[in-house]
Amino acid sequence: MIILAIESSCDETAAAVMENDERLLANVVCSQIELHGRFGGVVPELASRQHLEDIYPVVAKALQDAAITLDQVDVLAITQGPGLIGSLLVGLSFAKALALVKKIPYVGVDHMAGHLFSVFLGEEKPAFPYIALIASGGHSSIFHVTDHFHYTLVGRTRDDAAGEAFDKVAKILGLPYPGGPVISRLSEEGNPGSIHFPRSWLEPESLDFSFSGIKTSVANYVKQNQRLIFGDNGAGPMHSATADICASFQEAVVEVLAAKTMKACRNFAVDNVVLAGGVAANPRLREVFRRQGSREGLQVYMPPQQFCTDNAAMIALAGYHIFRQQGAASLDLDVYSRSRITERV
Ligand code: KG4
Ligand code: ZN
């Protein structure tokens with residue numbers, strides 16, 4: 001079965017072609033980072049307009065890379081939500097038009113379910129059940145996963161998502177959007193023990209997160225140390241001071257993400273733990289997960305970095321399983337901004 005998948009939920013237009021759940025034949029990701037960079041975050045109206053421009057060439061490139069034509073596609077998989085409504089609508093309308101004209105069955109895929117599936121794009125695949133942390137720009141959620149279709153939300157952020165905290169701290173430091181990659185790079189040159197930013201643990205048994213406090217602490221620290229960070233004449237950020245803030249901030253976020261996920265593993269007595277979502281591309285988080293996981297006697301699984309941030313390969317894989325289980329969706333499928341799987345039952 002050949003699956004063509006399209007992802008357009010935020011600021012990446014992506015298309016992928018997969019054969020069954022095994023062979024990834026094409027994986028094209030077209031990022032809008034440059035477009036949104038000067039605004040310090042994604043501008044929804046600009047995002048949907050850019051998706052409109054990019055979607056045709058991106059899908060055409062995916063078909064070309066896979067060396068197939070549309071007539072060889074058996075199933076279309078399309079991100080239905082959560083995300084920006086205008087952006088999602090571009091992908092869904094495009095997929096519906098293809099489905100209608102070419103008479104190809106299609107399925108809607110939840111973007112968060114896609115991130116959960118992304119770990120199966122790696123060489124080593126976890127056995128069920130497992131605990132999964134999905135840390136991205138919009139969510140920081142811990143799931144207890146018992147099979148491909150059953151996920152129970154056991155922890156989530158009460159305010160900012162982890163990726164959002166990276167993005168906001170980058171903005172405070174005058175660093176470019178998105179914050180995650182630049183903060184993780186600068187952190188390598190900084191001292192993670194130089195500044196103690198508060199860790200928010202919430203109630204003793206809670207598996208929830210809160211990252212708005214640390215963002216405020218960084219903002220206060222920056223305000224109080226303007227000269228140290230931006231130099232005497234405000235000429236620009238001082239490299240070593242900025243690197244120390246990045247490393248200390250990153251360490252605090254990583255510590256809380258890892259500790260709560262390990263606690264969830266103990267609570268549910270699982271042997272396997274999964275880390276995915278854009279923040280899972282963070283090398284320090286990956287290292288701490290591996291170390292703490294093995295100390296806890298867990299098998300640790302994470303997708304290769306390219307499949308942590310948004311991509312359509314994970315949507316193709318999820319679409320394959322959804323189509324096999326549920327068959328095709330009807331043409332009245334609609335987009336949604338909030339995921340049902342990230343709501344507590
Ligand atoms: O999964 P994703 O691509 O999109 C959403 O579904 O939100 O995640 C994007 C988020 C952004 O907030 C970005 O700053 C963060 O993932 N991110 C990182 C890293 N690479 C991307 N955060 C920390 N370290 C990284 N290396
Ligand atoms: Zn995502």
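Counting convention: from 1, in listed order, for ligands and their atoms alike.
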Hey, can you pull the donor-acceptor pairs under 3.5 Å for the side chains in residues 23-32, sequence neighbours left out?
| unit_1 | atom_1 | unit_2 | atom_2 | d |
| --- | --- | --- | --- | --- |
| Arg23 | NH1 | Glu19 | OE1 | 3.2 |
| Ser31 | OG | Ile33 | N | 3.1 |
| Gln32 | OE1 | His36 | NE2 | 2.8 |
| Gln32 | NE2 | Ala47 | O | 3.2 |

Practice task
Please round to the nearest 0.5 Å and tell me the distance separating atom CG of Leu175 and atom OG1 of Thr242.
Solution key: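 The CG atom of Leu175 sits 6.5 Å away from the OG1 atom of Thr242.
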Residue part near ligand 1, for [X], under 4.0 Å between non-hydrogen atoms:
| X | value |
| --- | --- |
| Ser184 | side chain |
| His115 | side chain |
| Thr309 | both |

Exercise for the section: Determine whether the aromatic ring centres of His144 and Tyr151 lie less than 6.0 Å apart. Expected result: no
Problem - Ring centers of Phe268, Tyr130 separated by less than 6.0 Å - result: no
Exercise for the section: Using distance alone, decide if ligand 1 has a nitrogen or oxygen within less than 3.5 Å of any nitrogen or oxygen in Pro283. Expected result: no
Among protein heavy atoms, which lies nearest [atom], and at what distance?
| atom | answer |
| --- | --- |
| atom 4 (O) of ligand 1 | Asp310 OD2, 3.0 Å |
| atom 6 (O) of ligand 1 | His111 NE2, 3.1 Å |
| atom 24 (N) of ligand 1 | Asn282 ND2, 3.0 Å |
| atom 18 (C) of ligand 1 | Gly180 CA, 3.4 Å |
| atom 11 (C) of ligand 1 | Asp167 OD2, 3.6 Å |

Practice task
Check each of Ala161, Gly278, Ala135 against atom 1 (O) of ligand 1 and report the one with the nearest heavy atom.
Solution key: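 Closest candidate by heavy-atom distance is Gly278.
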Give the cluster check for [X] versus [Y]: same hydrophobic cluster or not, with ILVMFWY residues linked at side-chain heavy-atom distances below 4.5 Å.
| X | Y | value |
| --- | --- | --- |
| Leu186 | Leu173 | yes |
| Met18 | Val73 | no |
| Ile315 | Leu70 | no |

Handout entry: Numbered atoms of ligand 1 (with element) below 4.0 Å of Gly137, judged on heavy atoms
Key = 5 (C), 7 (O), 8 (O), 9 (C), 10 (C), 12 (O)
Handout entry: Residue Gly138 vicinity, atoms of ligand 1 by number, heavy atom under 4.0 Å
Key =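 This gives 7 (O) as the contact atoms.
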Handout entry: the Zn ion (ligand 2): protein N, O or S atoms [distance under 2.8 Å]
Key =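 The answer is His111 NE2, His115 NE2, Asp310 OD1.
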Problem - Closest contact, heavy atoms only, Asp110 versus Ser339 - result: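 Distance-wise, the nearest heavy atoms are OD2-OG, 2.8 Å.
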Practice task
Given salt bridge (charged side-chain N to carboxylate O under 4.0 Å, His left out), test Arg49 with Glu45 step by step and report yes or no.
Solution key: CA-CA 6 Å; Arg49 284 166 192 261; Glu45 180 61 26; 2.8 Å; yes
Handout entry: Parallel, tilted or perpendicular: ring planes of Phe128 versus Phe120, cut at 30 and 60 degrees
Key =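 Answer is tilted, since the angle falls between 30° and 60°.
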Exercise for the section: Return the orientation label for the Phe209 and Phe211 ring planes: parallel under 30°, perpendicular over 60°, tilted otherwise. Expected result: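 Phe209 and Phe211: parallel rings.
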Exercise for the section: Could you tell me whether the side chain of His139 reaches within less than 4.5 Å of the side chain of Met112, counting heavy atoms only? Expected result: yes
